[in-house]
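All remarks here apply to the structure that follows.
Chain identifiers are assigned alphabetically (A, B, ...) following the order of the sequence lines, protein sequences preceding nucleic acid strands; residue numbering begins at 1 within each chain.
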2 protein chains.
Amino acid sequence: MSTEKASRTEPGGSAASASTYHHGNLREALIAEGLALAAEGGLDAVSIREVARRAGVSPGAPFRHFPDKVALMTAVAEEAMARFRAEIVMSLQRETSDDPIRRIRAIGKAFLDWARRNPTHFEIISSRRVIDFAGSASLGADNAQIQAQMVSLLEEAARRGLLRIDDPRLIQITGRALVYGLARMLIDGQFPSWGVAETEAEALMERSLDLFLAGLLKAPTSGDPGRS
Amino acid sequence: MSTEKASRTEPGGSAASASTYHHGNLREALIAEGLALAAEGGLDAVSIREVARRAGVSPGAPFRHFPDKVALMTAVAEEAMARFRAEIVMSLQRETSDDPIRRIRAIGKAFLDWARRNPTHFEIISSRRVIDFAGSASLGADNAQIQAQMVSLLEEAARRGLLRIDDPRLIQITGRALVYGLARMLIDGQFPSWGVAETEAEALMERSLDLFLAGLLKAPTSGDPGRS
DNA sequence: AATGGAATGTAATCGATGATTACATGATCG
DNA sequence: CGATCATGTAATCATCGATTACATTCCATT
């Protein structure tokens with residue numbers, strides 16, 4: 001009917017025939033647009049229709065690839081989680097020390113940094129109302145991998161007799177809850193009402209992490225725990 | 001036009017003339033229905049139209065009392081926050097000990113208990129995307145009050161030489177982030193993927209709080225900090 | 001007490017969204 | 001070459017937040 005079809009931009013440059021009825025790789029494009037939209041305008045800015053609009057496709061097209069919005073957001077979350085985990089892995093590679101506490105700290109720092117730089121992506125991964133965590137093997141696997149990494153470091157720390165209290169699982173969950181809480185407080189915009197300026201948020205979160213780690217250790221340090 | 005007007009149920013029984021054109025106390029009724037709806041079906045269940053429906057009023061009526069949805073949710077948050085603070089005050093009255101650490105623990109416990117029992121109300125208070133925190137004097141005042149309470153207890157603890165690191169503000173924010181993170185992890189449904197069953201969540205959160213408090217203290221305790 | 005203005009509620013409507021259905025197109029493989 | 005199936009379109013629905021014009025009631029001034 002419409003003789004003119006809107007020119008379809010192919011940002012990725014991946015193999016896709018231009019101006020065809022079929023998109024070529026709509027699924028990936030939708031996920032990419034979902035991530036971009038989230039990064040730009042927050043969670044509420046991500047709508048199926050807008051994602052479709054950006055991909056140059058009709059509002060109903062996404063439903064060919066995802067049964068509902070939760071499924072789309074879950075796919076977006078999988079991509080976000082993959083990037084998150086990649087950043088944690090990289091931070092561990094950068095931390096050359098084999099001191100388990102320093103490596104734990106690196107993970108915590110990477111967690112906080114990523115959440116601060118990708119607030120909405122962090123929100124998508126976290127909120128189980130938007131995604132179907134249980135229905136994604138990828139999310140579960142990435143999560144389990146990070147957990148395992150953490151537990152083994154804590155066990156190593158306990159083996160070396162560094163910890164005041166030897167309960168790796170409890171410490172893991174407590175530490176997780178701390179960084180999770182710091183990240184969410186920042187993202188939820190709570191720091192202003194706690195007298196914390198935007199500019200000092202990063203430093204504060206780091207000191208907060210150090211305070212917690214110091215509390216775990218036998219040796220009474222202050223601030224940076226273990227400077228090799 | 002319609003000769004029959006739907007019978008208007010008045011659940012509260014407060015002074016309100018039945019079957020009149022004017023509701024009598026719509027504003028309060030809307031807030032109450034908002035709280036109830038949130039408690040029943042989560043954040044997404046709260047819509048202006050449904051709240052109006054429950055109050056037996058037309059879909060546009062709420063806009064006479066609140067300029068937009070954020071304003072309504074902010075009013076709901078104010079009520080929720082008042083209840084939250086009341087519970088904290090009560091927990092402090094129940095804690096007869098004057099040991100600041102025990103009193104701090106009571107606050108943390110009350111925080112966790114309330115969040116666990118009122119997950120959506122906690123979410124409403126927390127999420128600055130749904131409410132206008134800055135625009136509410138009530139929310140700010142309640143928040144400041146809780147903060148002040150906490151800081152004074154920490155200063156008292158420092159005065160008694162109980163703390164390893166004397167930095168009340170840092171400790172306050174770190175502790176807040178911990179309980180905030182624990183509450184959100186529970187509410188966001190993350191514990192299952194962390195191998196924590198529903199039934200053990202409460203005990204775990206308590207032990208987590210104790211782990212943190214133990215880390216703050218000079219004396220190396222394990223578990224319950226300071227048993228008078 | 002009467003009356004006129006202010007407060008409060010209704011009805012109708014708009015644009016956006018998630019979702020479904022019937023239909024159109026074209027890629028793929030026999 | 002042609003049939004089948006994946007993929008995209010068009011049209012449609014219900015719900016939601018929000019706005020506007022209108023109706024009703026309360027209340028204060030006279």
Could you tell me whether the phosphate oxygens of C:dA16, OP1 or OP2, come under 4.0 Å of any side-chain nitrogen or oxygen in A:Arg53?
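Checking C:dA16 against A:Arg53, no side-chain N or O comes under 4.0 Å of OP1 or OP2.
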
Below 4.0 Å: OP1/OP2 of D:dG8 and any side-chain N or O of A:His65:
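Yes.
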
Assign each of B:Arg49 and B:Arg27 to its nearest nucleotide of DNA chain C by heavy atoms, then name whichever residue's nucleotide is nearer the 5' end.
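In this pair, the answer is B:Arg27.
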
For DNA chain D, which residues in residues 40-48 of chain B have a heavy atom at a distance below 4.0 Å?
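Contacts with DNA chain D under 4.0 Å: B:Ser47, B:Ile48.
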
Near DNA chain D, counting only heavy atoms under 4.0 Å, which residues of residues 124-139 of chain A show up?
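Hits under 4.0 Å, by residue number: none.
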
Side chain of [X] only, heavy atoms from C-beta on: which candidate in [options] is closest?
{"X": "A:Val57", "options": "C:dA19, C:dT10, D:dG8", "result": "D:dG8"}
{"X": "A:Leu26", "options": "D:dG17, D:dG8, C:dG9", "result": "D:dG8"}
{"X": "A:Ala61", "options": "D:dT9, C:dG9, D:dT19", "result": "D:dT9"}

Distance check needed: D:dT25 C1' versus B:Arg64 CZ, whole Å only.
13 Å

Write down the distance between NZ (A:Lys69) and P (D:dT15), rounded to a whole number of angstrom.
18 Å

Would you say [X]'s side chain and [Y]'s backbone share a donor-acceptor pair under 3.5 angstrom?
{"X": "B:Ser193", "Y": "B:Gln190", "result": "yes"}
{"X": "B:Thr74", "Y": "B:Asp132", "result": "yes"}
{"X": "B:His121", "Y": "B:Ala77", "result": "no"}
{"X": "B:Arg103", "Y": "B:Leu92", "result": "yes"}
{"X": "B:Asp167", "Y": "B:Leu170", "result": "yes"}

Heavy-atom side-chain proximity of B:Phe84 to B:Ile146 below 4.5 angstrom
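B:Phe84 vs B:Ile146: side chains touch.
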
Output, in order, the C-alpha distance, side-chain angles, deciding distance and verdict of side-chain hydrogen bond (donor to acceptor under 3.5 Å, both in side chains) for B:Ser136 and B:Glu78.
CA-CA 8 Å; B:Ser136 163; B:Glu78 286 173 355; 2.6 Å; yes

Measure up the B:Phe111 and B:Phe122 rings against each other and bin them: parallel (under 30°), tilted (30 to 60°), perpendicular (over 60°).
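Geometry flag for B:Phe122 against B:Phe111: perpendicular rings.
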
